[in-house]
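These values consider heavy atoms only, across backbone and side chains, with no hydrogens, waters or symmetry-generated copies. Note that the coordinates shown come from a computational prediction; the quantities given were computed from them, not determined experimentally. Whatever order the structure lists ligands and atoms in, that order sets their numbers, starting from 1.
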Amino acid sequence: MLKNRTLTIAITGANGFVGRNVGRLFTKKGIQVINIVRKNRTISVQSGTLLISDDLSEKYLVKRLKKCTALLHLIGQGKQTVEDDYEKVNVGLTKNAINLCKKAGIKKIIYISGLGVHKNTTFGYFISKFKAEQEIIHSGLDYTIFRASYILGKDDPLSQILCKQIKNGKITIAGSGNYRIQPIFIEDAGEVFLQSIFNKKFSKKIIDLVGPQTVTYNCFIKDSIYRKKIKIEKINLEDAYRNALHGKNSNFGIDDLNILVGDYVGNHKKLQKLTNIKFRTYREILKAGCLS
Ligand SMILES: NC(=O)c1ccc[n+]([C@@H]2O[C@H](COP(=O)([O-])OP(=O)(O)OC[C@H]3O[C@@H](n4cnc5c(N)ncnc54)[C@H](OP(=O)(O)O)[C@@H]3O)[C@@H](O)[C@H]2O)c1
């Protein structure tokens with residue numbers, strides 16, 4: 001096994017929630033981190049080297065990434081716009097990430113797909129994630145693809161939505177709230193990514209990145225607001241989707257709702273067996289105040 005200090009990992013989408021946190025974790029372990037970020041953005045990355053790139057195709061990147069053992073490809077978006085649709089960002093930039101690895105001699109790519117993605121999926125976000133997975137699988141590179149449930153930590157996208165609602169004194173639950181999620185702690189996810197670089201058992205695999213507890217959204221919300229005076233309001237699914245479509249009074253986008261009510265659960269036992277990590281439960285994460 002390589003010593004951490006001889007290890008260099010490149011991260012695309014390094015300025016996002018997962019990238020910022022994992023970059024910090026890797027740096028703490030003595031790993032050299034190269035953060036690839038977009039230009040003209042407020043940069044929240046706190047450690048490692050910064051490289052600016054618009055679409056990962058700039059020639060100068062190749063020389064700067066030659067020493068990297070792996071690329072953690074985290075660029076992705078869960079909402080599309082006319083300028084930046086799923087095909088362009090989730091599929092197109094994955095193709096560019098693969099080309100970059102090949103040109104720079106980076107042998108391993110790690111990608112975060114979504115829990116529930118499969119070949120018969122019918123909605124846009126999952127289709128783009130599936131196509132990105134296929135690009136990676138057929139790239140000839142070594143890879144690990146993680147199909148992730150909600151990754152929790154300070155400022156994760158779900159907690160941001162909940163914090164906003166908590167500040168306003170009311171949390172809205174779309175539909176029954178009986179759909180399940182399987183949250184995983186960001187620091188545990190970081191450990192998993194690291195192991196996936198060295199452990200051959202992760203080679204050319206698709207693995208569910210899910211925490212040890214499966215919980216209904218109702219229950220997760222109740223635990224999140226434990227002892228706080230916050231009202232919980234149920235709205236019917238039709239209204240929730242209509243609000244999301246019109247973009248008004250909506251905390252979630254259409255595809256956020258698809259993922260949430262999709263009731264996607266995965267195989268934690270397999271991840272546990274592969275990594276031997278003592279994964280934190282969502283209750284431990286909430287109790288430790290890791291989200292506030
Ligand atoms: N967080 C979760 O619970 C979760 C669950 C399942 C899967 N995932 C996947 O994990 C990956 C990282 O998630 P995250 O939570 O860190 O998301 P995030 O906070 O939204 O970060 C996404 C990153 O992608 C970059 N990006 C988006 N569109 C781009 C574009 N057109 N060109 C270049 N860069 C672009 C963003 O750049 P800027 O910083 O410049 O905006 C940002 O750094 C994503 O692929 C996501 O789908 C996350």
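The hydrophobic clustering, which links ILVMFWY residues whose side-chain heavy atoms are closer than 4.5 Å, places Leu260 and Val210 together. The hydrophobic clustering, which links ILVMFWY residues whose side-chain heavy atoms are closer than 4.5 Å, places Ile137 and Leu93 together. There is no path of hydrophobic side-chain contacts, each under 4.5 Å, that joins Val33 to Leu56.
Listed here is the closest heavy atom pair of Gly153 and Phe17: N-CZ, 3.7 Å. Considering every non-hydrogen atom in both Val62 and Lys103, the closest pair reads CG1-O, 3.5 Å. Across every non-hydrogen atom of Ser196 and Ile110, the tightest pair is OG-CD1, 3.5 Å. Between Ile34 and Arg64, the shortest heavy-atom contact is CD1-O, 3.5 Å. Nearest heavy-atom pair across Glu187 and Leu25 is O-CD2, 3.8 Å.
The closest approach between a heavy atom of Arg147 and any atom of ligand 1 is not below 4.0 Å. Heavy-atom separations between Ser149 and ligand 1 include at least one value shorter than 4.0 Å. Not a single heavy atom of Gly78 sits closer than 4.0 Å to an atom of ligand 1. Heavy-atom distances between Asp156 and ligand 1 stay at or above 4.0 Å for every pair.
Centroid-to-centroid, the aromatic rings of Tyr282 and Phe220 come within less than 6.0 Å.
Polar contact with ligand 1: present for Gly13 (N/O pair, distance under 3.5 Å). Taking any N or O of Tyr125, backbone or side chain, at least one lies under 3.5 Å from an N or O belonging to ligand 1. Of the polar atoms of Val18, at least one N or O is found under 3.5 Å from an N or O of ligand 1, judged by distance alone.
Of all protein heavy atoms, the one closest to atom 32 (N) of ligand 1 is Leu93 CD1, 3.5 Å. For atom 48 (C) of ligand 1, the nearest protein heavy atom (residue, atom name, distance) is Ile151 CD1, 4.3 Å. With respect to atom 22 (C) of ligand 1, the closest heavy atom belonging to the protein is Gly76 O, 3.6 Å. Of all protein heavy atoms, the one closest to atom 7 (C) of ligand 1 is Ser113 O, 3.4 Å. Of the protein's non-hydrogen atoms, the one nearest atom 17 (O) of ligand 1 is Phe17 N, 4.5 Å. For atom 8 (N) of ligand 1, the closest non-hydrogen atom of the protein is Ile112 CG2, 3.8 Å. Ranking the protein heavy atoms by distance from atom 21 (O) of ligand 1 puts Gly16 CA, 3.4 Å first. Protein heavy atom at the shortest distance from atom 40 (O) of ligand 1 is Arg38 NE, 3.0 Å.
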Side-chain donor-acceptor contacts of residues 36-50 below 3.5 Å, not counting sequence neighbours, with atom names and distances?
{"from": "Gln46", "atom 1": "OE1", "to": "Arg24", "atom 2": "NH1", "distance (Å)": "3.4"}
{"from": "Ser47", "atom 1": "OG", "to": "Thr27", "atom 2": "OG1", "distance (Å)": "3.3"}

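The atoms of ligand 1 that sit less than 4.0 Å from any heavy atom of Gln77 are 27 (C), 28 (N). Listed by atom number, the atoms of ligand 1 under 4.0 Å from Arg41 heavy atoms are 40 (O), 41 (O). Close approach to Tyr150 involves these atoms of ligand 1, each under 4.0 Å from a residue heavy atom: 3 (O).
With hydrogens and angles left out, the side-chain atoms of Asn35 and Asn15 include no donor and acceptor closer than 3.5 Å. If you check the side chains of Tyr86 and Asp255, you find a donor sitting under 3.5 Å from an acceptor.
By the criterion of a heavy-atom distance under 4.0 Å, neither the backbone nor the side chain of Lys88 is placed next to ligand 1. Counting heavy atoms closer than 4.0 Å to ligand 1, residue Ile75 contributes atoms from both its backbone and its side chain. When non-hydrogen atoms are compared, ligand 1 lies under 4.0 Å from neither the backbone nor the side chain of Phe146.
In this structure, atom 45 (O) of ligand 1 has protein heavy atoms in its sub-4.0 angstrom surroundings.
Phe126 pairs by the ring-ring contact (aromatic ring centres under 6.0 Å, His included) definition with Phe123, Tyr264, not counting sequence neighbours.
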